[in-house]
Amino acid sequence: MFRKILIANRGEIAIRIIRTCRELGVRAVAIYSEADAESLHVRMADEAVCVGPAASNQSYLKIETIVAAAKEVNADAIHPGYGFLAESAEFARAVREAGLIFIGPSPEAMEIMGSKTSARRAAVEAGVAIVPGTVEPLASFEDASATAQKFGYPVMLKAAAGGGGKGMRLVAESGELRSAFETAQAEAAAAFGDSSLYLEKAVERPRHIEIQIFGDTHGSVVHLGERECSIQRRHQKVIEECPSPLNDPDLRRQMGEAAVKIGRAVNYTGAGTVEFLFSDTTHEFYFLEMNTRLQVEHPVTELVTGRDLVREQFRVATGEPLSFTQEDVDWQGHAIECRIYAEDPANNFFPSPGTITHLREPAGPGVRVDSGVTRLSEVSIYYDPMIAKLAVWGRTRDEAIDRLKRALDEYEVSGITTTLSFFREVVTDEEFISGRLDTGFITRFSERRASREVKTNQVETDLAVIAAALSYAMRQQQSAPQTSVMKSRWKIAARNAGLRKS
Amino acid sequence: MFRKILIANRGEIAIRIIRTCRELGVRAVAIYSEADAESLHVRMADEAVCVGPAASNQSYLKIETIVAAAKEVNADAIHPGYGFLAESAEFARAVREAGLIFIGPSPEAMEIMGSKTSARRAAVEAGVAIVPGTVEPLASFEDASATAQKFGYPVMLKAAAGGGGKGMRLVAESGELRSAFETAQAEAAAAFGDSSLYLEKAVERPRHIEIQIFGDTHGSVVHLGERECSIQRRHQKVIEECPSPLNDPDLRRQMGEAAVKIGRAVNYTGAGTVEFLFSDTTHEFYFLEMNTRLQVEHPVTELVTGRDLVREQFRVATGEPLSFTQEDVDWQGHAIECRIYAEDPANNFFPSPGTITHLREPAGPGVRVDSGVTRLSEVSIYYDPMIAKLAVWGRTRDEAIDRLKRALDEYEVSGITTTLSFFREVVTDEEFISGRLDTGFITRFSERRASREVKTNQVETDLAVIAAALSYAMRQQQSAPQTSVMKSRWKIAARNAGLRKS
Amino acid sequence: MKLKATLGEIEEDLLLKIEDGRVSAEIGDRVYSLDVREVEPDCYLFFLNAEVHECRVSASKNSFDVSIHGRSYAVTIIDPKRLRSGQNSDRHQHGVAEILAPMPGKVVRVQTEAGATVEKGAGVVVVEAMKMQNEMKSPRDGVVVSINVKPGDTVNAGDVLATIE
Amino acid sequence: MKLKATLGEIEEDLLLKIEDGRVSAEIGDRVYSLDVREVEPDCYLFFLNAEVHECRVSASKNSFDVSIHGRSYAVTIIDPKRLRSGQNSDRHQHGVAEILAPMPGKVVRVQTEAGATVEKGAGVVVVEAMKMQNEMKSPRDGVVVSINVKPGDTVNAGDVLATIE
């Protein structure tokens, strides 16, 4: 096993990896930007190196600086996490050339899958169906317009270098194409430094189902089943489940085999995810893309398979064979994950940076929290606003939903606005509970939500008013001269007023 | 399912039960003493009723008050948790007579198992072996002395009404008998209001292994496998595992069947635990006692069987059949629990009450915390000093131990002294890692620990000194007139000093 | 003490008495008598009969953000004795709607111009923050009175991007 | 600033310089240069070269309880300029050992008497707390100078139960 590794990431995923390091007795080296010097991932690391100013392109994306840091601290290997440089073949190559181990697939595999067009080509060659669309990047708006006409609307515009829904637009009719094309190009350029787009026929009411695969350097590639990630907003996943509510063993086998084929086609090593679009109507599935890294949502697979995917990544990266075969993999119960973002659901999910003044995370049976923050953490404007992941496990999907409701109710965050309130509504939504999901869920849910008139609880709002008034009164007392007396009298009084009639 | 239940307990177990209530949509009513009005279990409840002053015999042990409270709030049922009135047949009867459901076994079963002597009789009749010893309470010291001579030293003195190691003494030779007899009687009287003792031959290097059983009102009784609870101090469990490091399926079946026999003998309903003494040398096991309630250590069984025991208790109490059969029960991986006490390991585990000024509980993969406290909680002198339970799960015992180490390192508690530092040493102890456990473990471990000379880390101690000096310097600045300036300059400076050479 | 409290659109009179850890309050015609514990500064545990309600308050001046059972409410407290007014900004009083930047970011596109008529929901300005492009829409049908930013401008939370009348 | 620091038995001179978020310290002959962040009041994040060390301090007067990597150290800081002395109580200076009640409880038994000779580890007083009987043992061979409690007495943390010389 490694002696020391550098984690080229921040936030909850850096902490997730630090935890496995601790469990394996590997020293964990964090990197951080100047804005992150006091971040939890730095505080939890054994060592930490500052790699530059706040802006990611001057710190977390600086290949040379990061590789140099790893050499400087004598790390054996680098784990990229997800996002940032996780899917940069250039980075993987630089790490290899520096004589260090990159905990991930080969740069070659990353390059093939890194461009969606070449990835689609690879899938076709491996005999896996893809969504009808262009295999080459679009030359121009005119090209886009012509192609769209050919396939017929609705169509999807996607960034060739893309991921995370950035540079992605659904276009319902020709009139929307130009502005969508421009925005998508702009976003793609900003996010990936590459504005090229491609176009796909839009599958209607599609489920986003992905397969977790794992390969080793001894030629075996296996799958750990599916994750349902249909609940997305702005083409970003917000709730993921394992297994899919469909929970169909045959489908799991078919999609698993297709994913393994694609993995084999690129001699895939380590953890990877093959994303499919599944049509609820035709029950056909199409290859979408492959993510050549650990996924944000890996915990649901860990909860249901009982396997530590990061631990397995380490193992494979040291050249050992996988610790399990396809036959060894089994699935117990049901897991659901919610991504907790510092965003305001009441304001179009706009980011809500700030200082976390109070934090109580849920715990107890069947609850797992992977958090990147603690009390008094600053959520800065510079990075992805996800502050934590809440994952729950239950024997059945219903039990998991019961747990999720309970855990969301326990979750307390003050100082910033989060998506917790949004999730609390989702988990009581009939369509969610029924499990009939597709990528349009959030749009429909938001409409239901808007139409529903909010019945406020009079007692609750009155208590809120009283609490505010108390807080006001306290302040008056404190600013008044005789404060301390009154304050302490109040405190003492409060302490004494214990006995309640029973 | 119930509409509303009252939880006749406090601390982490009250919270554990509240969590299942939330998951089942059952309203949870807490009770509290005047000392507990601000306790976390009250803050997390839907409703709460004060049942008296701090001393438990005036609050948490007040049968009439508690039953009246349950009626007052229109609860359907009462869950007793563990400790306090959990094994009081009188309480169970009072609940029944008040027309409420007692979430636990029948008072009759509790009475038989409540007296260790009648419990031993029941075991013998059910054909289960018991440790050679008296079946009747000891009449006097002379009786004790004669009996001890008969069986031969070492012998064990135990409180007939006992539990939790109170009123229990190991007597190695006749010279020690009198003082042990007196102390045990005194403790028994104080703890249970009944000073009667009985005597057993002491089994040498015994393992304490217990079987979780579950019965329903339709006559089925099943077992959920064993827990190894050999690691005890003052005859109180501090670390529990499922399965036992022996992990012997035959032994599990044999002990399971013996436990089920005893359960059937008393028409047992709900969750119960049959405790055995297992001799590592002869591989024989003897019935010790039966706990007619949920155990503190139930989470390790939940983690390995994937079943929510409190949820199942609710189900059985409503008269439904068990949700599973013996064949349905299986065991995945390995779980270990540490009981975190507010005690000072450096000072003979003396209780360390106070205010928790800082708290960060571990999280992430395979970690479960059942905590009774939060930041700023008061740990009072009135009740059991256990503040939380840390349980971990791993595919193997080794993986579980890796996780436990990691979780213990993450666990931060300030303001009170806890047993965390003690556990951090235990998990690196060769004997613990080897799994060759018996009830003498802690004594031997403590001797090893005492003999080991502590090599302090010079850098670490120097940093501690520097931190203290900084804190001192800050205070000087604050008390000085020009404080604010200096302080803020310092803060700003600290904020700016980001860039580190890489 | 006598106070005025505003929650959302509703303003109500509030009479508050605090003694011996009990609070009695009259809000409009509704009367409450509660036991209160201050479990943390600005965190109140209310016992309403047997019901338990924990309220956490974050205060700035006399506007209070109260979270209770996971829901939060913005409450304004006005003490007539102190005649604190001008608190409820008159933004919503007459027919002008301002489009504010909800957080720091960069303006990437302006989709209309002063004088243009816009429909409710029409895009006015696109702001990029955290690599995400966000279209600020018109809250209502109206005429664009002013566009106060141009592409490339950096804006801070609360900056008025445009005004619709 | 120049200070004296005591940790356990060891007292050392400490020279501390704080500037621009860097701390340089000399402890005896050991020299440190650190970057420091105060992540919370009294919680310091030290960067020693690349190493990260978080220290949490709880202070009372000039004795500081510092916890680092889960271990805690009791440090006393003395500022010679302020001549704070009498801090290290002279309990251990000469041959008297006091047996203190480590926490509030009730005395159930006294197992010896003034004037008696006791061996190290011999039981002196039994205190009951949290339903647990705890035997306070003599820290050394010696003679019981005084027993300050009797069965039934309630004692508080720090009360001197007995003195051995």
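Letters go in sequence order (proteins before strands), and every chain restarts at 1.
Using a 4.5 Å cut-off between heavy atoms, V413(B) makes no contact with chain D at all. With a 4.5 Å cut-off on non-hydrogen atoms, I68(D) touches chain B through its backbone and its side chain both. Both the backbone and the side chain of L463(B) come within less than 4.5 Å of a heavy atom in chain D. Contacts of E460(B) with chain D are made by both backbone and side-chain atoms, with heavy-atom separations under 4.5 Å. Looking at S414(B), only its side chain comes within 4.5 Å of chain D, counting heavy atoms on both sides. Heavy atoms of L34(D) lying under 4.5 Å from chain B belong exclusively to its side chain.
Salt-bridge annotation for D409(B) and R406(B): absent, with no side-chain N of the basic residue lying under 4.0 Å from a carboxylate O of the acidic one. At a threshold of 4.0 Å, the pair R169(B)-E187(B) counts as salt-bridged, since one of the basic side-chain nitrogens sits closer than that to a carboxylate oxygen. A salt bridge does not link E54(D) with R37(D): every distance from a Lys NZ or Arg NE/NH1/NH2 to an Asp or Glu carboxylate oxygen is 4.0 Å or more.
Note: V75(D) leads V126(D), L14(D), I10(D), V75(D) in heavy-atom pairs under 4.5 Å with chain B. The residue among R30(D), R109(D), R71(D), H69(D) with the most heavy atom pairs within less than 4.5 Å of chain B is R30(D). Top candidate by heavy-atom pairs under 4.5 Å with chain D, chosen from D462(B), T183(B), V465(B), I466(B), is D462(B).
The number of heavy atoms from other shown groups lying within 6.0 Å of CD (Q458(B)) is above 12.
Using a 4.5 Å cut-off on side-chain heavy atoms (C-beta onward), I381(B) and Y383(B) make no contact. When side chains are defined from C-beta on, Y382(B) does not count as touching P353(B), because their heavy atoms never get closer than 4.5 Å.
Figure legend: R233(B) and Y341(B) shown as a cation-pi pair, the cationic atom lying under 6.0 angstrom from the six-membered ring centre and within 45 degrees of its axis.
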